[in-house]
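Everything on this sheet refers to the single structure shown next.
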There are 2 protein chains.
Amino acid sequence: MSASIKLSHSIKALCYLAECYPEPKTSKDIAESIGANASKMRQLLSMLVKQNIVASTQGVKGGFLLNQDPAKIHLQEVYCSIEDRKAFHLDVSHINGESKDRTVLFNNYFLELFADVQVEIEHKMKNINISSIMRNLNLKSNYSVPNTKTI
Amino acid sequence: MSASIKLSHSIKALCYLAECYPEPKTSKDIAESIGANASKMRQLLSMLVKQNIVASTQGVKGGFLLNQDPAKIHLQEVYCSIEDRKAFHLDVSHINGESKDRTVLFNNYFLELFADVQVEIEHKMKNINISSIMRNLNLKSNYSVPNTKTI
DNA sequence: CAAAATGTTACACTAACTATAACAATTAGA
DNA sequence: TCTAATTGTTATAGTTAGTGTAACATTTTG
(Lines give C-alpha, C1' and ligand atoms only; values in the text may rest on other atoms or scores of the structure.)
Protein backbone atom coordinates (compact mmCIF):
# COMPACT_ATOMS: atom_id res chain seq x y z
CA MET A 1 0.00 0.00 0.00
CA SER A 2 0.88 2.29 -0.17
CA ALA A 3 0.52 5.94 -0.91
CA SER A 4 1.35 6.62 -4.50
CA ILE A 5 2.43 9.46 -6.63
CA LYS A 6 -1.21 9.82 -7.56
CA LEU A 7 -1.93 11.31 -4.15
CA SER A 8 0.80 13.91 -4.37
CA HIS A 9 -0.22 14.83 -7.91
CA SER A 10 -3.81 15.24 -6.77
CA ILE A 11 -2.83 17.42 -3.82
CA LYS A 12 -0.61 19.56 -6.01
CA ALA A 13 -3.44 20.01 -8.46
CA LEU A 14 -5.85 21.03 -5.72
CA CYS A 15 -3.38 23.58 -4.33
CA TYR A 16 -2.92 24.99 -7.80
CA LEU A 17 -6.68 25.28 -8.31
CA ALA A 18 -7.02 27.03 -4.95
CA GLU A 19 -4.37 29.54 -5.96
CA CYS A 20 -5.95 30.19 -9.34
CA TYR A 21 -9.54 30.35 -8.13
CA PRO A 22 -11.94 31.36 -9.61
CA GLU A 23 -10.27 30.93 -12.96
CA PRO A 24 -10.89 27.47 -14.50
CA LYS A 25 -7.69 25.67 -15.44
CA THR A 26 -7.28 23.06 -18.15
CA SER A 27 -5.66 19.69 -17.59
CA LYS A 28 -2.82 20.97 -19.75
CA ASP A 29 -2.22 23.99 -17.49
CA ILE A 30 -2.40 21.84 -14.37
CA ALA A 31 -0.14 19.15 -15.76
CA GLU A 32 2.47 21.69 -16.78
CA SER A 33 2.38 23.41 -13.42
CA ILE A 34 3.21 20.20 -11.60
CA GLY A 35 5.29 18.40 -14.23
CA ALA A 36 2.88 15.61 -15.00
CA ASN A 37 1.07 14.19 -18.00
CA ALA A 38 -2.17 15.95 -18.98
CA SER A 39 -4.01 12.72 -19.74
CA LYS A 40 -3.02 11.26 -16.38
CA MET A 41 -4.17 14.42 -14.64
CA ARG A 42 -7.54 14.22 -16.36
CA GLN A 43 -7.91 10.72 -14.99
CA LEU A 44 -7.18 11.90 -11.46
CA LEU A 45 -9.27 15.04 -11.73
CA SER A 46 -12.26 13.17 -13.11
CA MET A 47 -12.28 11.12 -9.90
CA LEU A 48 -12.19 14.29 -7.82
CA VAL A 49 -15.06 15.62 -9.91
CA LYS A 50 -17.14 12.57 -9.04
CA GLN A 51 -16.66 13.42 -5.36
CA ASN A 52 -17.63 17.05 -6.01
CA ILE A 53 -14.25 18.24 -4.78
CA VAL A 54 -13.61 19.76 -8.19
CA ALA A 55 -16.05 21.01 -10.80
CA SER A 56 -15.38 20.63 -14.50
CA THR A 57 -16.78 22.11 -17.65
CA GLN A 58 -16.14 20.71 -21.10
CA GLY A 59 -15.65 22.58 -24.30
CA VAL A 60 -13.95 25.81 -25.21
CA LYS A 61 -13.15 27.92 -22.15
CA GLY A 62 -13.77 24.85 -20.05
CA GLY A 63 -11.52 23.40 -17.41
CA PHE A 64 -11.38 22.49 -13.75
CA LEU A 65 -12.40 24.60 -10.79
CA LEU A 66 -12.17 24.02 -7.09
CA ASN A 67 -15.61 23.19 -5.78
CA GLN A 68 -15.05 23.12 -2.01
CA ASP A 69 -13.39 25.21 0.65
CA PRO A 70 -9.74 24.05 0.81
CA ALA A 71 -10.07 23.94 4.60
CA LYS A 72 -12.76 21.32 4.18
CA ILE A 73 -10.95 19.11 1.70
CA HIS A 74 -9.23 16.51 3.85
CA LEU A 75 -6.37 14.28 2.81
CA GLN A 76 -8.59 11.34 3.64
CA GLU A 77 -11.24 12.38 1.12
CA VAL A 78 -8.68 12.87 -1.60
CA TYR A 79 -7.08 9.53 -0.88
CA CYS A 80 -10.38 7.69 -1.02
CA SER A 81 -11.35 9.47 -4.21
CA ILE A 82 -8.36 8.27 -6.17
CA GLU A 83 -7.42 4.96 -4.53
CA ASP A 84 -9.70 1.98 -4.43
CA ARG A 85 -7.41 0.07 -2.10
CA LYS A 86 -7.08 0.84 1.55
CA ALA A 87 -3.73 2.27 2.61
CA PHE A 88 -2.97 -0.70 4.80
CA HIS A 89 -4.72 -3.72 3.41
CA LEU A 90 -4.46 -7.46 3.22
CA ASP A 91 -5.62 -9.24 0.14
CA VAL A 92 -6.96 -12.57 1.35
CA SER A 93 -9.10 -13.16 -1.71
CA HIS A 94 -6.74 -15.62 -3.36
CA ILE A 95 -5.55 -17.42 -0.28
CA ASN A 96 -6.06 -21.05 -1.13
CA GLY A 97 -9.59 -22.26 -0.88
CA GLU A 98 -8.91 -25.28 1.33
CA SER A 99 -10.94 -23.53 4.04
CA LYS A 100 -9.23 -25.26 6.88
CA ASP A 101 -10.59 -24.00 10.17
CA ARG A 102 -7.30 -22.57 11.29
CA THR A 103 -6.61 -20.67 8.08
CA VAL A 104 -10.06 -19.14 8.05
CA LEU A 105 -9.73 -18.07 11.68
CA PHE A 106 -6.36 -16.49 11.02
CA ASN A 107 -7.45 -14.66 7.90
CA ASN A 108 -10.54 -13.22 9.51
CA TYR A 109 -8.51 -12.03 12.43
CA PHE A 110 -5.93 -10.40 10.17
CA LEU A 111 -8.62 -8.59 8.29
CA GLU A 112 -9.85 -7.12 11.58
CA LEU A 113 -6.34 -6.29 12.67
CA PHE A 114 -5.49 -4.48 9.46
CA ALA A 115 -8.79 -2.67 9.48
CA ASP A 116 -7.88 -1.43 12.92
CA VAL A 117 -4.60 0.02 11.67
CA GLN A 118 -6.48 1.46 8.73
CA VAL A 119 -8.78 3.37 11.08
CA GLU A 120 -5.74 5.04 12.62
CA ILE A 121 -4.41 6.06 9.23
CA GLU A 122 -7.74 7.50 8.24
CA HIS A 123 -8.02 9.39 11.49
CA LYS A 124 -4.62 10.91 10.92
CA MET A 125 -5.43 11.85 7.35
CA LYS A 126 -8.64 13.55 8.39
CA ASN A 127 -6.61 16.10 10.33
CA ILE A 128 -4.80 17.27 7.24
CA ASN A 129 -6.51 19.43 4.63
CA ILE A 130 -5.60 21.41 1.56
CA SER A 131 -5.70 24.65 3.50
CA SER A 132 -3.22 23.44 6.13
CA ILE A 133 -0.97 22.04 3.44
CA MET A 134 -0.95 25.39 1.63
CA ARG A 135 -0.12 27.23 4.84
CA ASN A 136 2.82 24.93 5.39
CA LEU A 137 4.06 25.66 1.91
CA ASN A 138 3.42 29.41 2.07
CA LEU A 139 0.94 29.20 -0.76
CA LYS A 140 -1.91 31.64 -0.84
CA SER A 141 -5.39 30.32 -1.45
CA ASN A 142 -7.64 32.55 -3.47
CA TYR A 143 -10.74 30.51 -2.79
CA SER A 144 -13.88 32.24 -1.67
CA VAL A 145 -17.42 30.98 -1.26
CA PRO A 146 -19.04 31.18 -4.69
CA ASN A 147 -21.70 33.87 -5.11
CA THR A 148 -25.09 32.67 -4.13
CA LYS A 149 -27.92 34.17 -6.02
CA THR A 150 -29.05 37.25 -4.16
CA ILE A 151 -32.60 38.48 -4.41
CA MET B 1 2.74 -0.50 0.58
CA SER B 2 1.01 -1.91 1.63
CA ALA B 3 0.74 -4.79 4.02
CA SER B 4 1.27 -8.00 2.19
CA ILE B 5 0.65 -11.63 2.60
CA LYS B 6 4.24 -11.84 3.80
CA LEU B 7 3.22 -10.26 7.08
CA SER B 8 0.39 -12.68 7.71
CA HIS B 9 2.57 -15.65 6.77
CA SER B 10 5.22 -14.44 9.20
CA ILE B 11 2.75 -13.97 12.02
CA LYS B 12 1.24 -17.38 11.41
CA ALA B 13 4.70 -18.94 11.51
CA LEU B 14 5.54 -17.20 14.77
CA CYS B 15 2.30 -18.36 16.37
CA TYR B 16 3.02 -21.90 15.23
CA LEU B 17 6.54 -21.77 16.68
CA ALA B 18 5.16 -20.46 19.96
CA GLU B 19 2.73 -23.36 20.12
CA CYS B 20 5.39 -25.94 19.32
CA TYR B 21 8.06 -24.51 21.57
CA PRO B 22 10.63 -25.82 22.47
CA GLU B 23 10.56 -28.24 19.56
CA PRO B 24 12.38 -26.91 16.48
CA LYS B 25 10.24 -26.95 13.35
CA THR B 26 11.45 -27.23 9.79
CA SER B 27 10.44 -24.87 7.03
CA LYS B 28 8.51 -27.77 5.56
CA ASP B 29 6.51 -28.28 8.76
CA ILE B 30 5.81 -24.58 9.06
CA ALA B 31 4.86 -24.20 5.42
CA GLU B 32 2.44 -27.11 5.60
CA SER B 33 0.85 -25.83 8.78
CA ILE B 34 -0.04 -22.53 7.17
CA GLY B 35 -0.49 -23.58 3.55
CA ALA B 36 2.50 -21.82 2.07
CA ASN B 37 5.60 -22.71 0.09
CA ALA B 38 8.56 -23.97 2.13
CA SER B 39 11.13 -22.02 0.15
CA LYS B 40 9.17 -18.82 0.59
CA MET B 41 8.89 -19.48 4.30
CA ARG B 42 12.65 -19.95 4.57
CA GLN B 43 13.09 -16.53 2.98
CA LEU B 44 10.78 -14.94 5.51
CA LEU B 45 12.16 -16.85 8.47
CA SER B 46 15.76 -16.04 7.57
CA MET B 47 14.87 -12.36 7.94
CA LEU B 48 13.34 -13.02 11.33
CA VAL B 49 16.50 -14.90 12.28
CA LYS B 50 18.59 -11.83 11.43
CA GLN B 51 16.51 -9.84 13.91
CA ASN B 52 16.93 -12.58 16.54
CA ILE B 53 13.21 -13.09 16.71
CA VAL B 54 13.73 -16.68 15.61
CA ALA B 55 16.74 -18.96 16.04
CA SER B 56 17.71 -21.49 13.39
CA THR B 57 19.95 -24.52 13.21
CA GLN B 58 21.00 -26.14 10.00
CA GLY B 59 21.45 -29.80 9.30
CA VAL B 60 19.73 -32.95 10.43
CA LYS B 61 17.35 -32.30 13.35
CA GLY B 62 17.67 -28.61 12.61
CA GLY B 63 14.88 -26.13 12.15
CA PHE B 64 13.46 -22.93 13.52
CA LEU B 65 12.80 -22.06 17.13
CA LEU B 66 11.19 -19.04 18.71
CA ASN B 67 13.91 -16.90 20.25
CA GLN B 68 11.90 -14.25 22.10
CA ASP B 69 8.94 -14.04 24.43
CA PRO B 70 5.83 -13.81 22.20
CA ALA B 71 4.61 -10.96 24.39
CA LYS B 72 7.68 -9.01 23.37
CA ILE B 73 7.47 -9.63 19.63
CA HIS B 74 5.55 -6.66 18.30
CA LEU B 75 3.82 -6.44 14.95
CA GLN B 76 6.02 -3.47 14.21
CA GLU B 77 9.23 -5.48 14.61
CA VAL B 78 7.95 -8.24 12.38
CA TYR B 79 6.84 -5.77 9.74
CA CYS B 80 10.20 -4.03 9.68
CA SER B 81 12.04 -7.34 9.56
CA ILE B 82 10.38 -8.48 6.37
CA GLU B 83 9.50 -5.25 4.54
CA ASP B 84 12.04 -2.76 3.35
CA ARG B 85 9.39 -0.23 2.38
CA LYS B 86 7.51 1.83 4.90
CA ALA B 87 3.83 1.00 5.21
CA PHE B 88 2.78 4.41 3.96
CA HIS B 89 5.47 5.75 1.70
CA LEU B 90 5.99 8.08 -1.20
CA ASP B 91 8.59 7.24 -3.76
CA VAL B 92 9.94 10.58 -4.92
CA SER B 93 13.24 9.19 -6.17
CA HIS B 94 12.31 9.25 -9.82
CA ILE B 95 10.28 12.41 -9.88
CA ASN B 96 11.73 14.34 -12.77
CA GLY B 97 15.03 16.04 -12.09
CA GLU B 98 14.05 19.49 -13.28
CA SER B 99 14.43 20.68 -9.70
CA LYS B 100 12.01 23.50 -10.01
CA ASP B 101 11.69 25.30 -6.70
CA ARG B 102 8.03 24.55 -6.35
CA THR B 103 8.37 20.83 -7.07
CA VAL B 104 11.19 20.42 -4.58
CA LEU B 105 9.24 22.24 -1.89
CA PHE B 106 6.20 20.09 -2.48
CA ASN B 107 8.09 16.84 -2.50
CA ASN B 108 9.94 17.60 0.69
CA TYR B 109 6.72 18.53 2.37
CA PHE B 110 5.01 15.34 1.24
CA LEU B 111 7.85 13.27 2.57
CA GLU B 112 7.35 14.88 5.98
CA LEU B 113 3.62 14.45 5.77
CA PHE B 114 3.82 10.78 4.90
CA ALA B 115 6.44 10.18 7.55
CA ASP B 116 3.99 11.64 10.01
CA VAL B 117 1.30 9.17 9.01
CA GLN B 118 3.91 6.45 9.14
CA VAL B 119 4.65 7.27 12.77
CA GLU B 120 1.00 6.69 13.61
CA ILE B 121 1.00 3.32 11.88
CA GLU B 122 4.10 2.26 13.71
CA HIS B 123 2.68 3.39 17.01
CA LYS B 124 -0.42 1.32 16.41
CA MET B 125 1.60 -1.71 15.38
CA LYS B 126 3.73 -1.52 18.51
CA ASN B 127 0.66 -2.21 20.61
CA ILE B 128 0.06 -5.56 18.95
CA ASN B 129 2.25 -8.56 19.73
CA ILE B 130 2.30 -12.27 19.05
CA SER B 131 1.00 -13.02 22.51
CA SER B 132 -2.04 -10.78 22.13
CA ILE B 133 -2.71 -12.19 18.69
CA MET B 134 -2.63 -15.73 20.06
CA ARG B 135 -5.00 -14.81 22.85
CA ASN B 136 -7.42 -13.42 20.32
CA LEU B 137 -7.28 -16.65 18.38
CA ASN B 138 -7.48 -18.92 21.42
CA LEU B 139 -4.06 -20.37 20.67
CA LYS B 140 -1.94 -21.54 23.54
CA SER B 141 1.67 -20.45 23.65
CA ASN B 142 4.07 -23.00 25.01
CA TYR B 143 6.97 -20.57 25.19
CA SER B 144 8.99 -20.35 28.36
CA VAL B 145 12.22 -18.56 29.12
CA PRO B 146 15.02 -20.88 28.03
CA ASN B 147 16.99 -22.54 30.80
CA THR B 148 19.87 -20.45 31.94
CA LYS B 149 22.83 -22.36 33.19
CA THR B 150 22.44 -22.83 36.93
CA ILE B 151 25.47 -23.14 39.16
C1' DC C 1 -19.32 24.01 -38.18
C1' DA C 2 -14.71 24.27 -36.06
C1' DA C 3 -11.86 24.42 -32.20
C1' DA C 4 -11.02 23.35 -27.53
C1' DA C 5 -11.79 20.98 -23.80
C1' DT C 6 -13.27 16.92 -20.68
C1' DG C 7 -14.14 11.89 -20.02
C1' DT C 8 -12.92 7.41 -20.98
C1' DT C 9 -10.64 3.49 -22.80
C1' DA C 10 -6.71 1.07 -24.42
C1' DC C 11 -1.96 -0.20 -24.57
C1' DA C 12 2.86 -0.78 -23.68
C1' DC C 13 6.40 -0.40 -20.16
C1' DT C 14 8.10 -0.84 -15.67
C1' DA C 15 8.24 -2.24 -10.89
C1' DA C 16 6.89 -5.19 -7.24
C1' DC C 17 5.23 -9.44 -5.53
C1' DT C 18 4.58 -14.47 -5.52
C1' DA C 19 5.69 -19.07 -6.16
C1' DT C 20 8.94 -22.22 -7.16
C1' DA C 21 13.24 -24.41 -8.10
C1' DA C 22 18.09 -25.08 -7.59
C1' DC C 23 22.08 -25.46 -5.14
C1' DA C 24 25.81 -24.33 -1.77
C1' DA C 25 26.77 -24.67 3.16
C1' DT C 26 26.10 -26.88 7.39
C1' DT C 27 25.12 -30.40 10.73
C1' DA C 28 23.80 -34.92 13.07
C1' DG C 29 24.36 -39.46 13.28
C1' DA C 30 25.52 -44.13 11.52
C1' DT D 1 33.97 -40.10 6.92
C1' DC D 2 29.91 -40.50 4.34
C1' DT D 3 24.95 -39.63 3.84
C1' DA D 4 20.79 -37.43 4.60
C1' DA D 5 18.45 -33.48 6.19
C1' DT D 6 18.23 -28.98 6.75
C1' DT D 7 19.01 -23.78 6.39
C1' DG D 8 20.45 -19.83 3.52
C1' DT D 9 20.65 -17.72 -0.78
C1' DT D 10 20.07 -16.84 -5.55
C1' DA D 11 17.69 -17.20 -9.81
C1' DT D 12 13.71 -17.43 -12.68
C1' DA D 13 9.17 -17.20 -14.48
C1' DG D 14 4.41 -15.64 -13.91
C1' DT D 15 1.19 -12.35 -12.07
C1' DT D 16 -0.41 -8.06 -10.55
C1' DA D 17 -0.36 -3.15 -9.88
C1' DG D 18 1.24 1.37 -11.29
C1' DT D 19 2.79 4.82 -14.83
C1' DG D 20 2.95 7.27 -19.00
C1' DT D 21 0.98 8.02 -23.20
C1' DA D 22 -2.11 8.01 -27.03
C1' DA D 23 -6.57 7.87 -29.16
C1' DC D 24 -11.08 9.13 -29.65
C1' DA D 25 -15.95 10.10 -28.46
C1' DT D 26 -18.50 13.78 -26.27
C1' DT D 27 -19.49 18.36 -25.05
C1' DT D 28 -19.41 23.29 -25.43
C1' DT D 29 -18.32 28.02 -27.09
C1' DG D 30 -18.46 31.20 -30.58
Side-chain angles (χ1 to χ4, degrees), chain A residues 1-10 13 17 23-32 34-51 53-65 67 79 81-87 89-96, chain B residues 1-10 13 17 23-32 34-51 53-65 67 79 81-87 89-96:
Chain A
M1 109 264 236
S2 65
S4 70
I5 209 157
K6 285 196 290 181
L7 183 58
S8 79
H9 277 171
S10 300
L17 290 178
E23 189 184 349
K25 288 292 178 179
T26 67
S27 59
K28 188 162 171 285
D29 290 337
I30 297 168
E32 279 172 4
I34 66 181
N37 179 278
S39 184
K40 190 75 194 170
M41 289 314 300
R42 282 205 298 279
Q43 289 172 357
L44 291 176
L45 288 160
S46 75
M47 292 188 268
L48 297 174
V49 168
K50 282 173 187 155
Q51 301 299 316
I53 296 169
V54 166
S56 66
T57 52
Q58 283 184 318
V60 178
K61 300 280 175 188
F64 297 92
L65 192 67
N67 199 35
Y79 187 90
S81 301
I82 60 170
E83 302 280 357
D84 43 355
R85 300 259 172 140
K86 295 291 188 178
H89 75 287
L90 173 64
D91 187 2
V92 292
S93 60
H94 54 63
I95 289 176
N96 73 36
Chain B
M1 116 355 206
S2 66
S4 69
I5 208 156
K6 285 197 288 182
L7 185 57
S8 78
H9 278 349
S10 300
L17 290 178
E23 189 183 350
K25 287 292 178 179
T26 67
S27 59
K28 187 163 172 285
D29 289 337
I30 298 168
E32 279 172 4
I34 66 181
N37 179 279
S39 186
K40 189 74 194 172
M41 288 315 298
R42 283 205 297 280
Q43 288 172 355
L44 290 176
L45 288 160
S46 74
M47 291 188 271
L48 297 175
V49 167
K50 281 172 187 155
Q51 301 299 315
I53 296 171
V54 166
S56 66
T57 52
Q58 282 184 318
V60 179
K61 301 280 175 188
F64 298 92
L65 192 67
N67 199 35
Y79 187 90
S81 301
I82 60 169
E83 302 278 0
D84 44 354
R85 299 258 172 143
K86 296 291 189 180
H89 76 286
L90 173 65
D91 187 1
V92 292
S93 60
H94 53 64
I95 290 176
N96 74 35

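These numbers come from a predicted model, not from an experiment.
- At whole-Å resolution of the value, CD1 in A:Ile5 and C1' in D:dT21 are 15 Å apart.
- Judged as a salt bridge (Lys or Arg N to Asp or Glu O under 4.0 Å), and not counting sequence neighbours, the contacts of B:Lys28 are B:Glu32.
- Within the structure, a side-chain polar atom (N or O) of B:Ser56 is placed less than 4.0 Å from OP1 or OP2 of D:dG8.
- Atom pair A:Lys25:NZ and C:dA5:P shows a separation of 11 Å (rounding to whole Å applied).
- As a whole-Å value, the separation of A:Ile82 CD1 from C:dG7 C1' is 17 Å.
- In this structure, A:Leu45 places its CG atom 15 Å from P of C:dA5, rounding to the nearest Å.
- The separation between A:Leu48 atom CG and C:dT8 atom P is 13 Å, rounded to whole Å.
- Counting to the nearest Å, the P atom of C:dA19 and the NZ atom of B:Lys40 are 7 Å from each other.
- Using a 4.0 Å heavy-atom cutoff across all strands shown, B:Lys28 reaches no nucleic acid atom at all.
- Considering only residues two or more places apart in sequence or on other chains, A:Lys40 meets the salt bridge (Lys or Arg N to Asp or Glu O under 4.0 Å) condition with none of them.
- Following rounding to the nearest Å, A:Met41 (CE) and C:dG7 (P) show an atom-to-atom distance of 13 Å.
- Following rounding to the nearest Å, A:Met47 (CE) and C:dG7 (P) show an atom-to-atom distance of 12 Å.
- Between A:Thr26 and C:dT6 there is no side-chain N or O to OP1 or OP2 distance below 4.0 Å.
- Contacts of B:Ser39 with the nucleic acid, taken as non-hydrogen atoms under 4.0 Å apart, include base atoms.
- Residues passing the side chain to side chain contact (heavy atoms under 4.5 Å, CB included) test with B:Gln51, sequence neighbours excluded: B:Ile53, B:Ser81.
- Under the side chain to side chain contact (heavy atoms under 4.5 Å, CB included) criterion, A:Ser10 pairs with A:Leu44, A:Leu48, A:Val78, A:Ile82, not counting sequence neighbours.
- The base of C:dT6 lies outside donor-acceptor range of the side chain of A:Gln43, with no N or O pair under 3.5 Å.
- From A:Lys25, atom NZ reaches atom CG of A:Leu45 across 13.5 Å, with rounding to the nearest 0.5 Å.
- For the pair A:Val60 and B:Gly59, nearest-nucleotide mapping onto DNA chain D gives the more 5' position to B:Gly59.
- Considering only residues two or more places apart in sequence or on other chains, A:Asn67 meets the side-chain hydrogen bond (donor to acceptor under 3.5 Å, both in side chains) condition with none of them.
- The two residues B:Phe64 and B:Leu17 make their nearest non-hydrogen contact at O-CD2, 3.5 Å.
- Remark: B:Lys50 is in phosphate contact with D:dT9, judged by side-chain N or O atoms under 4.0 Å from OP1 or OP2.
- The shortest distance between the side-chain N/O atoms of B:Ser27 and the OP1/OP2 oxygens of D:dT7 is below 4.0 Å.
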For nucleotides 24-26 of chain D, tabulate all protein N/O to nucleotide N/O atom pairs closer than 3.5 Å, reporting atom names and distance.
none

